[in-house]
Amino acid sequence: MRRSRNEVARWRMSRQVQRRRARWLEGQSRRYGRMHSFRHMISQQQRRSILFITQHH
């Protein structure tokens, strides 16, 4: 099955766009995941310090 040149070009371009969008989404989610875990760690530390203070007084 032979495709015409512009059809192949259009297919390649769409594939490229999809890949770029996927990579961008991956980067966004990774960045958000890091922020989320960081925030979670901070809240855990605060909770632990509060527990620590209440236990020792």
**Prompt:** Which distance, rounded to the nearest 0.5 Å, do you find between the CZ of Arg23 and the CD of Gln18?
**Reply:** 13.0 Å
**Asked** In chain order, what residues pass the salt bridge (charged side-chain N to carboxylate O under 4.0 Å, His left out) check against Glu7, with sequence neighbours excluded?
**Response** none
**Request:** Please list, chain by chain and in numerical order, all residues satisfying side-chain contact (heavy atoms from CB on, under 4.5 Å) with Ser49, sequence neighbours excluded.
**Result:** none
**Item:** Residue list, side-chain hydrogen bond (donor to acceptor under 3.5 Å, both in side chains) with Arg47, at least two apart or on another chain
**Value:** Gln44
**Request:** Determine, stepwise, if the pair Ile42 / Gln46 fulfils side-chain contact (heavy atoms from CB on, under 4.5 Å).
**Result:** CA-CA 6 Å; Ile42 289 175; Gln46 283 177 345; 4.2 Å; yes
**Item:** All pairs passing salt bridge (Lys or Arg N to Asp or Glu O under 4.0 Å) where residues 11-20 contributes a residue, at least two apart
**Value:** none
**Item:** Close side-chain approach of Asn6 and Arg10, heavy atoms under 4.5 Å
**Value:** yes
**Residues forming a salt bridge (charged side-chain N to carboxylate O under 4.0 Å, His left out) with Arg30, sequence neighbours excluded** = Glu26
**Request:** Apply side-chain hydrogen bond (donor to acceptor under 3.5 Å, both in side chains) to Gln16 and list each qualifying residue two or more places apart in sequence or on a separate chain.
**Result:** none
